[in-house]
Amino acid sequence: MSASVSEQQTVALTNAPVFSVALDESVDINDIPRLAIFARYCDTEIHEELCCFKPMHDTTKGEDIMKTFTNHFEDRGVDIRKIFAVTTDGAPAMVGKSMDFTKLHEGRIGHPVLKLHCIIHQENLCAKISNFEPKNVMVIVTKIVNFLVARSSLIHKQFQSFLEEVESAYKDIPLHSCGKVLERFVECFDEIKIFLTDNDQAYPELENRD
C-alpha cells in the first residue's frame, strides 16, 4: 500500500507543471537528524503531502541537506527544476549567507525560487524586527527554561517530577516555539519559582511584576 501511494505521488509530481516544497530538519529521540520534505502540487485539486523523512547520519550543513534532497527526487525521477517555491524554518543551513540549501538549490536548477518562512515560527520573525520590551523578558525566560529542560536530563526529570508532585496542570515546558514557551512559563510561574529556589537558582527579575 505504501509503495502504491508513493508511486501515485511520483506520477503526480512528474506530471505537474510546477510544484513547491517545504523542508524541516530536526533531531529525533535517538539523536539522529532527519530531513522531512513536503510537496504541494495540483492536478484536479491541490495536494500537500509528505514526500520523505530521511535520516542524515553525518553533518547537517546546507550541502548535506541539498545532497539528501536531490538524491531523493532523482531516485524518483522527478525534475526539481519545476520547483518554484521553497519553505523552510529560516535556519542558517537553509537560508544562510553562503552555502545554504536555497542558494545551492537555485544554483543547481538554474533559476531563482520564491523563498518563504514557515508560519509556525512567526514569533521568531516578530522578535527579530521588534524592539519591544518583551524581548528582554525572553532573555531571562530562555535562561531559566534552559536550566529546567535543556541543560541537564537529571534536572529536567526532577522538574517534571516536581510538577507532578504539586499536581500542576502541566507536566513540562515545550521548547518548539517562543510563544508556547512564554505561555507555559506564565502558567507554571509559581511552580517554577519554588523549584528554582529549591535548587539555589537566584533570579531577582522574577520578583519584578512589571
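Along the sequence shown, the residues carry numbers beginning at 1. Excluded from the calculations below are hydrogen atoms, water molecules and symmetry mates; all remaining heavy atoms, backbone and side chain alike, are included.
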- Message: Do Val145 and Ile140 sit in one hydrophobic cluster, given that two such residues count as connected whenever their side-chain heavy atoms are within less than 4.5 Å of each other, even indirectly?
- Response: yes

- Task: Nearest 0.5 Å please: distance from the NZ atom of Lys193 over to the SG atom of Cys188.
- Result: 14.0 Å

- For Thr142, which residues count as a side chain to side chain donor-acceptor pair (under 3.5 Å) partner, sequence neighbours excluded? none

- Distance (rounded to the nearest 0.5 Å) between Ile65 CD1 and His105 NE2: 13.0 Å

- Are Asn15 and Asp43 close enough that some pair of their side-chain heavy atoms sits under 4.5 Å apart? no

- Item | Within 6.0 Å of CD in Glu164, more than 12 heavy atoms from elsewhere | no

- Item | Remaining members of hydrophobic cluster (4.5 Å side-chain criterion), Leu154 | none

- Query: Taking side chain as C-beta onward, heavy atoms only, is Cys51 less than 4.5 Å from Leu13?
  - Reply: yes

- Query: Are Phe19 and Val11 joined in one hydrophobic group, where the rule is that I, L, V, M, F, W and Y side chains link up if heavy atoms are under 4.5 Å apart?
  - Reply: no

- Residues Glu187, Arg184: salt bridge by 4.0 Å N-O rule: yes

- Query: Hey, does Ile192 have a side-chain heavy atom less than 4.5 Å from the side chain of Ile173?
  - Reply: yes

- Lys143: partners by side chain to side chain donor-acceptor pair (under 3.5 Å), with sequence neighbours left out: none

- Taking atom CZ of Arg34 and atom NZ of Lys54, what is their separation to the nearest 0.5 Å? 11.0 Å

- Note on the structure: Correct closest heavy-atom pair for Thr14 and Thr10 would be OG1-O, 2.7 Å

- Query: Which word best sums up how the rings of Phe101 and Phe69 line up, parallel for under 30°, tilted for 30 to 60°, or perpendicular for over 60°?
  - Reply: perpendicular

- Say whether Ile80 and Leu50 are linked into one hydrophobic cluster, either directly or through other cluster members, by side-chain heavy-atom distances under 4.5 angstrom. no

- Message: Over 60° means perpendicular and under 30° means parallel, so tell me whether Phe159 and Phe195 are parallel, tilted or perpendicular.
- Response: perpendicular

- Task: Using the test ring pair (Phe, Tyr, Trp, His ring centres under 6.0 Å), find all partners of His72 that sit at least two apart in sequence or belong to another chain.
- Result: none

- Query: Between Met138 and Leu182, is any pair of side-chain heavy atoms under 4.5 Å apart?
  - Reply: yes

- Query: Looking only at heavy atoms, which two atoms of Phe162 and Glu191 are closest? And how far apart?
  - Reply: CE2-O, 3.3 Å

- Note on the structure: When rounded to the nearest 0.5 Å, the distance separating CG of Leu104 from OG1 of Thr102 is 8.0 Å

- Message: Do Ile144 and Leu206 have side chains that approach each other closer than 4.5 Å (heavy atoms only, starting at C-beta)?
- Response: yes

- Query: Can you list the steps and then say if Glu165 with Ser161 is a side chain to side chain donor-acceptor pair (under 3.5 Å)?
  - Reply: CA-CA 6 Å; Glu165 180 183 335; Ser161 298; over 6 Å; no

- Residues passing the side chain to side chain donor-acceptor pair (under 3.5 Å) test with Asn199, sequence neighbours excluded, are none

- Please answer whether the main-chain N or O of Arg81 pairs with a side-chain N or O of His111 as donor and acceptor at a distance below 3.5 Å. yes

- Flag the pair Arg76 / Gln9 as yes when at least one side-chain heavy-atom distance between them is below 4.5 Å, and no otherwise. yes

- Query: Between Lys171 and Leu163, which heavy-atom pair has the shortest distance, and what is it?
  - Reply: C-CD1, 3.5 Å

- Item | Approximate separation, where rounding is to 0.5 Å, of Thr68 OG1 and Met56 CE | 4.0 Å

- Query: Under 4.5 Å between side-chain heavy atoms, hopping through other hydrophobics if needed: is there a path connecting Ile194 to Val141?
  - Reply: yes

- Message: I want to check something: taking the side chain as every heavy atom from C-beta on, are Leu196 and Phe147 in contact at a cut-off of under 4.5 Å?
- Response: yes

- Task: Could you tell me whether the side chain of Phe38 reaches within less than 4.5 Å of the side chain of Val21, counting heavy atoms only?
- Result: no

- Message: Going by the rule side chain to side chain donor-acceptor pair (under 3.5 Å), which residues pair with Glu45 if we only count those two or more places apart in sequence or in a different chain?
- Response: none

- Item | SB check Lys82 Asp79 (cutoff 4.0 Å) | no

- At what distance, to the nearest 0.5 angstrom, does CD of Glu48 lie from OG of Ser20? 7.5 Å

- Mind running side chain to side chain contact (heavy atoms under 4.5 Å, CB included) on Glu106 and Lys115 for me, showing each step along the way? CA-CA 10 Å; Glu106 288 179 330; Lys115 293 175 278 290; 2.7 Å; yes

- Message: Check for me, please, whether Tyr170 and Val181 land in the same ILVMFWY cluster - side-chain distances under 4.5 Å, paths through other members count.
- Response: no

- Message: For Phe84 and Val113: C-alpha separation, side-chain torsions, deciding distance, then whether side chain to side chain contact (heavy atoms under 4.5 Å, CB included) applies.
- Response: CA-CA 5 Å; Phe84 73 94; Val113 297; 5.8 Å; no

